[in-house]
Number of protein chains: 2
Amino acid sequence: MGGEAGKRPVTIREVAERAGVSISTVSHALSGRRPISAATTARVREAAAELGYDPNPNARSLRTGRSGLVGLILRPRYAVAGTPDRAETFNRLVGSIATEMLRRKTGLIHVPDLHDPAVASVPMDGCIVAHPYGGDTALAELVGRGLPVVTVEEDPEQPDLPWAVRLDYPPVVEALLDHLHDQGARDVLLLSGTEDNAWNRRPRETYLAWCERRALPPRTALLSEGLTPGDVPELVQPLLSGPDRPDAIVVATSDFAPLIAESAAAQGLRVPDDLLLAALTDSEHARTSIPPITAMDLTHEALAERAVELMLARLSGAETPDRPVFLTPELRLRESTQRRK
Amino acid sequence: MGGEAGKRPVTIREVAERAGVSISTVSHALSGRRPISAATTARVREAAAELGYDPNPNARSLRTGRSGLVGLILRPRYAVAGTPDRAETFNRLVGSIATEMLRRKTGLIHVPDLHDPAVASVPMDGCIVAHPYGGDTALAELVGRGLPVVTVEEDPEQPDLPWAVRLDYPPVVEALLDHLHDQGARDVLLLSGTEDNAWNRRPRETYLAWCERRALPPRTALLSEGLTPGDVPELVQPLLSGPDRPDAIVVATSDFAPLIAESAAAQGLRVPDDLLLAALTDSEHARTSIPPITAMDLTHEALAERAVELMLARLSGAETPDRPVFLTPELRLRESTQRRK
DNA sequence: CTGAAAGCGCTAACAC
DNA sequence: GTGTTAGCGCTTTCAG
């Protein structure tokens, strides 16, 4: 207790002096890494407590080569730049990872900027990279440094890196498309995001394959995740007008789904009667929109739990697994894809 | 690129050898902290790039005494132990702080456990402590170490510490109580949480003062934030039965509000007709409950922004402010307190 | 069971 | 403009 801000921290040397022993004895008494007599240990502990000694983590890490800290890098640009609304996905993943790390009593560092030399680099023993891009540069950089990395979702160019937690999109996306087809959709438009990550790539691949199998012409377009809500209607408007308008839309970014529903309404199209609508991530917007919008829940809490587990296993020297961990997203069917009979 | 995991990191010494200069020249060429000829600088940069040199952050911090990292400690127990549902508040604050720190290009560390000696301590230049308890031990510990601390909400026992972002509860809680009174409530029950922090203390104080001013008998009870949803109904049931049941309830934890509405319904009481209901923090549960529940939004995004701003100012040597920063929570009036005429 | 001393990689005085 | 060197605080040999 007590003590004013800015005062010099207590060092091991001071503890040693006070306890009347050498600094190595202090180190060993406190760490228990070699036998020290009970009496000495007690004296050292007492001195340390009285002085309020707290070992300097930098000195320790410099010596041992480990910091006990894990880094976290969230790749998608919009995660940081996005509006508060858009932040839900980000918050959910970050919050889950932080919670899981706290449970495991390991510090987590949000890595500010790997490439900017003006930004101090970060003392981490390993790093979780979430939603890497295809051929991700940050990922390559870390791996190049020899740092143990675990990814949340795979780098789509390196899908088989074993230290990863992946989402198994195909069955879920197919289930969604089949559902739309069952509801009568014959002209499904896919609006992907522009970030080149697994979340945009895999569902698109599945969609194209599905269209081919069903002998339906694929229709795709892009809608950047970074758009402001105000931009969406005018981009979507043209897609909804004309005789060849789609009868179903699957949009990646769920925050845009309600805006699409509104645009449709402005053209006299009702959801789900005239247009089926689904999103590839879940959010409050999707749930509370009227009508509620069918969405794929990426189960961030589960992703976080497994990623942390994998990272800590890797740091404890576990064997390289044969393949990534696969999790299945949850399809949340709601009114927006349920045609009233 | 390239390079396999586990290989020894490149040190400044190797860069110096490769560039054919001394290590101090490398240091200065890279940091620009003293004039080095353009030719030498170029050679050094090239050598560093070829080798994939990344300065060891521990060595640097040990030397300079600063890590460029800020810690974050979230005090409420339920923040970590809570259910995924309860995590919304936590996620929102953590996500906002992380986002804000990333914008400011400063690393953020979630501090795992300050007291557990088995947990490595953390190299932080300062620490944000969110929602401290009355006479908070972690806060005292950090201050005792001389570490610059900024709090999100105040330690209720030390309300005047200037390095804090506080919420100005009284006017908002009064507005809520007045609103309930306007809607006919004459017997308002306050269900506080059990965490001894500002969020529980301040509204309670305001409530008691308000009751006295209105000459109404105060009625309060506790409902721990850590309860599982299943526990709530049986605890609330007795409060809702009998002739002296309240005609309005203000419950701190917003996740419990819908459960209280259900308990009321089970006893034949409708919200808002027979019972007004409001919560002291906002959440998806409150917004999407039927009816939607009036709640106080703690504006975590704003809290985060100001706290980060304050911390970085403090670390840059800004003067101690005269008083804490005050923010006003937002009252979200919804159907649960709107009596149908 | 305890002490002395090397050295982790870096920055900043201090020479030249 | 560049090199040499001390030393940040700790853990860990190596001696005793």
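Computed over heavy atoms, backbone and side chain alike; hydrogens, waters and symmetry mates excluded. So that the names make sense, note that chain A is the first sequence line, chain B the second, and so on, each numbered from 1.
- Look at A:R75 and A:D136 and you find a salt bridge, because one of the NZ, NE, NH1 or NH2 atoms lies within 4.0 Å of a carboxylate O, short of that distance.
- When distances are taken from the side chain of A:S22 to each of C:dC10, C:dA4, D:dT12, the shortest belongs to C:dA4.
- A sub-4.0 Å separation between OP1 or OP2 of D:dT12 and a side-chain N or O of A:R33 is present.
- When each of B:S31 and A:P35 is assigned the nucleotide of DNA chain C with its nearest heavy atom, A:P35 is the one assigned upstream, toward the 5' end.
- Taking side-chain N and O atoms only, B:T64 has no distance below 4.0 Å to OP1 or OP2 of C:dA12.
- No donor-acceptor contact under 3.5 Å links the side chain of A:R13 to the base of C:dG3.
- Rounding to the nearest 0.5 Å gives a distance of 14.5 Å between CH2 of B:W163 and CZ of B:R323.
- Phosphate proximity of C:dC10 to B:S27: absent, as no side-chain N or O sits under 4.0 Å from OP1 or OP2.
- To the nearest angstrom, P of D:dT5 lies 16 Å from CZ of B:R63.
- In this entry the distance linking CG of A:L51 with C1' of D:dG9 reads 15 Å, nearest Å.
- Rounded to whole Å, atom P of D:dG9 lies 16 Å from atom CZ of B:R145.
- Using a 4.0 Å heavy-atom criterion, one finds that B:I36 contacts the sugar-phosphate atoms exclusively.
- A straight line from CG of B:N58 to C1' of C:dT11 spans 15 Å, rounded to a whole angstrom.
- Across all strands, B:R34 comes closer than 4.0 Å to base atoms (heavy-atom distances).
- Considering only side-chain N and O atoms, B:T25 lies nowhere under 4.0 angstrom from the phosphate OP1 or OP2 of D:dG1.
- The local environment of CG in B:D322 is sparse, with at most 12 non-hydrogen atoms from other residues, nucleotides or ligands closer than 6.0 Å.
- Judged by distance alone with a 3.5 Å cut-off, a donor-acceptor contact links the side chain of B:S24 to the base of D:dT4.
- The residue B:P55 sits close only to the backbone: its heavy atoms come under 4.0 Å of sugar-phosphate atoms, none of a base.
- Backbone-only contact: B:T40 has heavy atoms under 4.0 Å from sugar-phosphate atoms and none from a base.
- The aromatic rings of A:H110 and B:H110 are tilted relative to each other, their planes meeting at an angle between 30° and 60°.
- The pair A:E141-A:R145 meets the salt-bridge criterion, since a charged nitrogen lies less than 4.0 angstrom from a carboxylate oxygen.
- The nearest whole Å value for the distance from the CZ atom in A:R66 to the C1' atom in D:dT12 is 13 Å.
- Closest approach to the A:I23 side chain among C:dA5, C:dT11, C:dG9 is made by C:dA5 (side chain taken as heavy atoms from C-beta onward).
- Where B:L62 and B:H28 meet DNA chain D, the nucleotide closest to each residue was compared, and B:H28 sits on the side nearer the 5' end.
- For the pair B:L30 CG and D:dT2 P, the computed distance is 14 Å after rounding to whole Å.
- Distance CG (B:N56) to P (C:dC8): 12 Å, rounded to an integer number of Å.
- Closest approach to the A:I12 side chain among D:dC10, C:dA13, D:dT12 is made by D:dC10 (side chain taken as heavy atoms from C-beta onward).
- Ion pair B:E17/B:R13 not flagged as a salt bridge, since none of the NZ, NE, NH1 or NH2 atoms sits closer than 4.0 Å to an Asp/Glu carboxylate oxygen.
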